[in-house]
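Just follow the structure's listing: the first ligand is 1, and inside any ligand the first atom is 1.
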Amino acid sequence: MAKPVRDLVLGTAGHIDHGKTALVRALTGVDTDRLPEEKRRGITIDLGFAAWQVGPGLQASIVDVPGHEAFVRTMVAGAGGVDAVLLVVSAEEGVMPQTREHLLVCRLLGITHAVVALTKIDRLHGDAEAIALAEADVRAALADLAPALGSAAIVPCSAHSGAGLPELTAAVRRVAAQLPVRPLRDRPILPVDRCFVLKGHGTVVTGTLLSGQLEIAADPHFTLVPTGPDRPVRELRARALHVRGAAAPRIPAGARAAVNLGGVAVGELARGDVLTRGHRVVAGDAVHALLEHLPHDPRTWRSGTSVQVCAGTAHTTGRLDPLGPLAGNEDAPKTMSLAPGTSALVRIRLDTPLPTWHGQRIVLRSHGGDLAHGHTCGGGVVVDPRPRPGRGQRSRWLRVARALAGAELRARLAALLADAGALAISRDELELRSGAPDLDAVLSDMVQSSDAVRLGDSRHVAAAVLPELAAAAVTVADRFHAAHPDRPGLSRAALLGGLPGRVAPDVAAAALDHALRRGLLELRGDVLVRGGTEPTPGLSPVGHKVLDLYVRAGVAPPTLKEVQAAANLTERQALDALTALQKAGALVRVSADLSLAREHHAALVDKVRSHLGASPQIDVQTLKGLTGLSRKFVVPFLEHLDRLGLTRRQGEVRVAGPKLHAG
Ligand SMILES: Nc1nc2c(ncn2[C@@H]2O[C@H](COP(=O)(O)OP(=O)(O)OP(=O)(O)O)[C@@H](O)[C@H]2O)c(=O)[nH]1
């Protein structure tokens with residue numbers, strides 16, 4: 001059996017005229033400067049492509065990028081998605097401005113593998129000292145500008161004499177052996193870098209497949225997410241796939257792919273569009289990203305700072321709005337500035353829609369209104385490709401962006417569910433904003449553990465929303481009974497119409513069901529009435545109000561001071577109200593500082609019970625993850641369970657107590 005061929009996408013980088021195109025020609029025999037203007041001016045303007053058989057079992061696709069400063073955007077389009085970079089530096093000139101800028105772009109794109117070709121050594125006529133000096137210059141620039149590439153091999157060579165080319169090839173092979181495997185299970189994401197008509201075939205688009213795999217045997221349909229204004233998302237049918245110039249049934253992530261599309265004219269497509277499947281990519285007008293503001297940039301970023309945004313193979317202009325630091329719990333400040341050398345979560349309002357996705361690397365350039373002449377000033381990773389629209393939501397945006405920047409999928413989903421609140425959220429939206437197409441198992445687990453409730457149509461709502469809305473529905477019913485003692489009850493429409501805020505119809509229905517099942521409301525004939533199983537009979541209005549606070553707060557109950565403030569009580573009155581609620585059984589006292597509404601307490605006990613049913617023990621960390629209880633409450637809660645006989649302490653962990661499975 002033939003050995004599988006490994007694909008490597010290699011992007012060139014380097015200052016203008018340092019010899020990128022000549023080196024690619026020397027290595028591959030391909031002249032990547034194919035445009036007449038490129039030939040005439042002797043410079044690279046657009047991306048060039050060349051296949052290179054590096055040796056047995058290793059095939060590289062080289063993306064040759066322009067070195068001229070006016071084409072850095074094109075460089076970003078070429079470098080996004082490459083496995084490794086071939087940095088070309090003239091030994092004669094050493095590190096120059098675009099060498100530096102390209103290194104910064106590599107850093108922002110998260111490129112971690114490189115080989116440096118210290119080329120044109122024939123011009124130095126064997127001057128070893130000069131070569132060593134140039135090498136030291138490159139090494140210093142790598143360490144300063146792109147530390148992840150700090151230990152890259154630097155190979156002296158010449159495209160003209162051929163000296164050093166075998167060593168360069170060997171260095172590329174070593175890099176190829178170290179590359180991580182691309183995620184095949186993700187959706188396919190193919191940012192288009194060329195569209196053209198191939199005689200006899202029709203429309204073809206090409207690009208570097210960033211993730212997933214392309215296959216058309218089972219399903220030839222793809223979604224085209226467009227760049228630019230007034231262009232709709234389209235479903236397109238692929239006729240054939242090509243890789244390395246030959247038809248292929250399947251193309252894995254990391255390869256340079258060509259897709260032959262049916263039913264679409266080349267004029268309807270553009271560089272920057274993205275071919276994908278599922279719900280991974282969206283063309284939005286705002287994204288939230290974790291951005292690094294490069295230390296070398298002279299400006300401070302403020303709300304309204306204008307930048308050029310290069311993302312995938314597309315670019316547009318946009319305005320920054322720094323939201324707050326990644327770490328921490330505090331709210332977003334009203335305005336925030338971001339000094340060079342710092343990082344933060346930033347909202348970017350895009351002037352025209354750009355295909356973006358969770359985890360996408362972006363590069364920002366500053367421009368004084370002149371898009372060709374700017375400089376790379378920062379970049380980072382998209383964490384939320386479709387933040388909730390609206391105004392005055394900075395703290396909310398920040399909270400969600402912080403969670404979405406985290407590695408744990410469950411926490412990302414929980415944040416999105418909480419953010420959606422009573423509007424609930426679809427599975428597809430969860431996939432898009434969490435960046436996880438394979439979220440279904442985790443989502444099911446959240447439903448199982450009563451953190452989320454599944455509605456119809458693959459929509460989900462945070463479980464905490466339902467008791468809150470049920471409590472609000474009870475208030476609506478109470479008010480109705482007080483105002484209309486003569487009427488038997490109120491209609492479903494009247495009750496749902498009285499719920500506060502915006503509530504999706506399926507969530508309202510689920511909340512009503514929640515209230516009915518708990519006896520908080522009853523259906524008598526065709527009207528709804530306040531339930532006969534009054535959960536806490538004889539409560540004073542103040543008692544109701546305080547209980548309401550605890551019901552709404554879930555597992556993060558208010559402090560005594562917060563109870564006082566919210567219900568306008570003295571400390572004595574608040575303590576009396578709590579004692580009355582505990583006596584009535586509506587609140588369960590866990591410790592001096594912690595009481596929980598009865599239903600939340602019961603839900604927590606249920607979780608512990610089902611956990612200890614499936615595994616022999618539970619510790620502080622597990623309980624915290626399982627319940628969402630804050631650190632300060634976890635230990636008192638466990639001690640409370642010990643007292644109830646539901647758990648028993650054994651060193652650092654708890655095991656089932658004598659009463660755990662009793663009731
Ligand atoms: N002596 C010598 N000249 C070289 C070598 N490599 C490239 N050159 C010359 O340097 C000039 C620029 O080379 P290119 O390959 O076009 O440079 P480039 O980096 O691709 O330029 P852009 O793509 O426009 O940024 C040409 O005149 C080449 O012939 C080399 O190894 N030795």
- prompt: Do D186 and R280 come within less than 4.5 Å of each other through their side chains, counting heavy atoms only?
  reply: yes
field: Test item: L364 and T376 side chains (from C-beta on) under 4.5 Å apart, heavy atoms
entry: no
Flag side-chain contact, heavy atom, 4.5 Å: T305 against R299: yes
task: Could you tell me whether some N/O pair between L23 and ligand 1 is separated by less than 3.5 angstrom?
output: no
message: Using 30° and 60° as the class boundaries, would you call the ring planes of W301 and H293 parallel, tilted or perpendicular?
response: parallel
- request: Could you check which of G19, A91, G162, A13 puts a non-hydrogen atom nearest to atom 13 (O) of ligand 1?
  value: G19
task: Check each heavy atom of T21 against ligand 1 and say whether those closer than 4.0 Å belong to the side chain, the backbone, both or neither.
output: both
message: How about CG on D285, more than 12 heavy atoms from neighbouring residues, nucleotides or ligands closer than 6.0 Å, or not?
response: no
query: For ligand 1, does R123 get within less than 4.0 Å through its side chain, its backbone, both, or neither, judged by non-hydrogen atoms?
result: side chain
message: Under a 4.0 angstrom heavy-atom cut-off, which atoms of ligand 1 come close to A22?
response: 6 (N), 7 (C), 15 (O)
message: Which of the numbered atoms in ligand 1 are under 4.0 angstrom from any heavy atom belonging to I16?
response: 24 (O), 25 (O)
message: Under 4.0 Å from a heavy atom of T119: which atoms of ligand 1 are those, numbered in the order shown and with their elements?
response: 31 (O)
message: Tell me if the CG atom of D219 is crowded by more than 12 foreign heavy atoms within 6.0 Å.
response: yes
query: ligand 1 versus D122, non-hydrogen atoms closer than 4.0 Å: side chain, backbone, both, neither?
result: side chain
